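Working notes, structure below.
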Amino acid sequence: MTNITDALGKESDLLLNHICHTIPKNNLELPGADFIDRVMSLSNRKSGVLRNLQALYDHGRLTGTGYLSLLPVDQGVEHSAGASFAPNPMFFDPKNIVELAIEGGCNGVASTLGVLGIISRQYAHKIPMILKINHNELLTYPNKFDQTLFASIEQAFDMGACAVGATVFFGSDESRRQILEVSEAFEHAHNLGMVTILWAYTRNPAFKTAEKDFHVSADLTGQANHLAVTIGADIVKQKMATNNGGYTALKFGKTSPKVYSELTTEHPIDLVRYQVANCFMGRIGMINSGGESGSDDLHQAIRTAVINKRAGGMGLISGRKAFQKPFTEGVKLLHAIQDVYLSDEVTIA
């Protein structure tokens, strides 16, 4: 097992001993082995959705915990195959992507129609698959930033996927169309018994100023989460909040002073707790993304997992930090993330 205290270094006391006084943990529906019976069984989700959601929870090293560790590899479309796989060319082959998820002890693997389709008959019964149905691609010149449909719900169902994933760029000029497309797709997926996962990202050039990048502010990402659960997401993927005050700095939309004086502080766990609160107080699980790969990936992955877990989140979805490394190192990183959620010493703040 990973030594989490050593991995956090100077931040260990800050992150492991913090008590959240903004939104108390007792107000949250927290992940656990009984999450579906306790929370999701009370919803309007069909039996097939509950079965597939349980299949996600019951796979990999986190089986029986109610937490999720997912491997997402859609960056070949989102960032280009060269930018994504040149650091480790073996992952041009979709087989190795799925093998990394299996060896890494993940609950499931999320990828594109092409990646999952080419190996679905070999692996659909071995690991839960999540088909990402829309993407932004960067071959269009000049680049545009818009999520468009690449796959259908029927294609996901036919290949045996247990879930579909989609992205909405909340705040963008195209967001209203994306919301409609994804809402209709999620309804169809639920009717066929599949789980729905929304990448609830904010995207607008105005959200990034000379002082801060408010794409990761707690208030804006929190509202993106609230919109995500409103259109039927069963799980929300969100970038971890690292600042706050997007509404007030950009002087748009509506908020309340209490968001900043009572419901959040500058502490990283409190910022993420506000993101969780916007997912119906944890009734819909929130997983944080692992972020870009860099020189300090193991520390950053463990740090992100600790913050997510202690804030009341449901897990981590980490791609580039894992697959842009040699295979064994990617497995080690995924296991380190999972060790945080398996540790009784990392409690809810």
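Note that the structure is a prediction, hence the values are computed from the model and not measured. Side chains included, hydrogens not; waters and symmetry mates left out as well; all remaining heavy atoms used.
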| Do the side-chain N and O atoms of Thr167 and Lys237 include a donor-acceptor pair separated by under 3.5 angstrom? |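 No.
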| request: For Asp270 and His18, test the side chains for any donor-to-acceptor distance below 3.5 angstrom and give the result as yes or no. | output: yes
Identify all side-chain donor-acceptor contacts of residues 168-175 below 3.5 Å with residues at least two apart in sequence or on another chain.
residue: Ser172; atom: OG; partner: Phe169; partner atom: O; Å: 2.8
residue: Ser172; atom: OG; partner: Glu174; partner atom: N; Å: 3.4
residue: Ser172; atom: OG; partner: Ser175; partner atom: N; Å: 3.2
residue: Ser175; atom: OG; partner: Ser172; partner atom: O; Å: 3.0

| Is the side chain of His135 donor-acceptor paired with the backbone N or O of Glu137 at a distance under 3.5 Å, no angle test? |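 Side chain of His135 to backbone of Glu137: no pair is present.
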| Any donor-acceptor pair under 3.5 Å linking the side chain of Arg61 with the backbone of His335? | yes
| Pairwise side-chain contact, Gln223 with Thr202, heavy-atom cut-off 4.5 Å (strictly under) |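 Side-chain contact under 4.5 Å: no.
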| request: Could you check if a side-chain atom of Gln75 sits within less than 4.5 angstrom of a side-chain atom of Phe323, using non-hydrogen atoms only? | output: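 Answer yes - side chains close enough.
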Reported [atom1]-to-[atom2] distance for the pair [X] and [Y], which is rounded to 0.5 angstrom:
X      : Y      : atom1 : atom2 : result
Asp213 : Thr242 : CG    : OG1   : 7.5 Å
Leu42  : Asn44  : CG    : CG    : 11.0 Å
Ser343 : Asn3   : OG    : CG    : 9.5 Å

| note | With Leu198 as partner, the option from Leu227, Asp234, Val164, Ile231 fulfilling side-chain contact (heavy atoms from CB on, under 4.5 Å) is Ile231
| request: For a side-chain contact (heavy atoms from CB on, under 4.5 Å) with Arg303, tell me which candidate from Ile4, Asp296, Leu15 qualifies. | output: Leu15
| query | Do you reckon Ile153 sits in the same ILVMFWY cluster as Ile179, going by side-chain contacts under 4.5 Å, direct or chained? | reply | yes
| query | What about Trp199 and Val109, same hydrophobic cluster or not, with Ile/Leu/Val/Met/Phe/Trp/Tyr joined at side-chain heavy-atom distances under 4.5 Å? | reply |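 No, separate clusters.
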Closest non-hydrogen atom pair between [X] and [Y], with its separation:
X      : Y      : value
Val236 : Ala200 : CG1-CB, 3.9 Å
Thr5   : Ser12  : O-CB, 3.7 Å
Pro128 : Cys162 : CB-SG, 3.6 Å

Contacts table for residues 278-288: side-chain donor-acceptor under 3.5 angstrom, sequence neighbours left out:
residue: Asn278; atom: ND2; partner: Tyr274; partner atom: O; Å: 3.0
residue: Asn288; atom: OD1; partner: Asn308; partner atom: ND2; Å: 2.9
residue: Asn288; atom: ND2; partner: Gln238; partner atom: O; Å: 2.9

Please report, to 0.1 Å, the donor-acceptor pairs under 3.5 Å made by any side chain of residues 251-259, with sequence neighbours excluded.
residue: Thr255; atom: OG1; partner: Tyr260; partner atom: OH; Å: 3.2
residue: Ser256; atom: OG; partner: Lys258; partner atom: N; Å: 3.2

| field | Check against side-chain contact (heavy atoms from CB on, under 4.5 Å), Arg310 and Thr347 | value | CA-CA 6 Å; Arg310 300 211 68 222; Thr347 58; 3.6 Å; yes
Pairs under 3.5 angstrom only: tabulate donor-acceptor contacts from the side chains of residues 96-104 to other protein residues two or more places apart or in another chain.
residue: Asn96; atom: ND2; partner: Met90; partner atom: O; Å: 2.8
residue: Glu99; atom: OE2; partner: Tyr123; partner atom: OH; Å: 2.5

| query | Would you find more than 12 non-hydrogen atoms of other residues, nucleotides or ligands less than 6.0 Å from Ile118 atom CD1? | reply | no
| query | Counting only heavy atoms not in Lys126, do more than 12 sit closer than 6.0 Å to its NZ atom? | reply |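 Atom NZ in Lys126 is crowded, with more than 12 foreign heavy atoms closer than 6.0 Å.
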| Parallel under 30°, tilted from 30 to 60°, perpendicular over 60°: which one fits the rings of Tyr67 and Tyr341? |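 Because their plane-to-plane angle lies in the 30° to 60° range, the rings of Tyr67 and Tyr341 count as tilted.
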| field | Under 4.5 Å side-chain linkage, directly or through intermediates, the cluster mates of Phe150 | value | Val77
Run the side-chain donor-acceptor check on residues 313-321: report pairs under 3.5 Å with partners two or more places apart or on a different chain.
residue: Lys321; atom: NZ; partner: Gly290; partner atom: O; Å: 2.8
residue: Lys321; atom: NZ; partner: Glu292; partner atom: O; Å: 2.7

| said: So that I know where these two stand, are Tyr247 and Phe214 an aromatic pair - ring centroids less than 6.0 Å apart? | reply: no
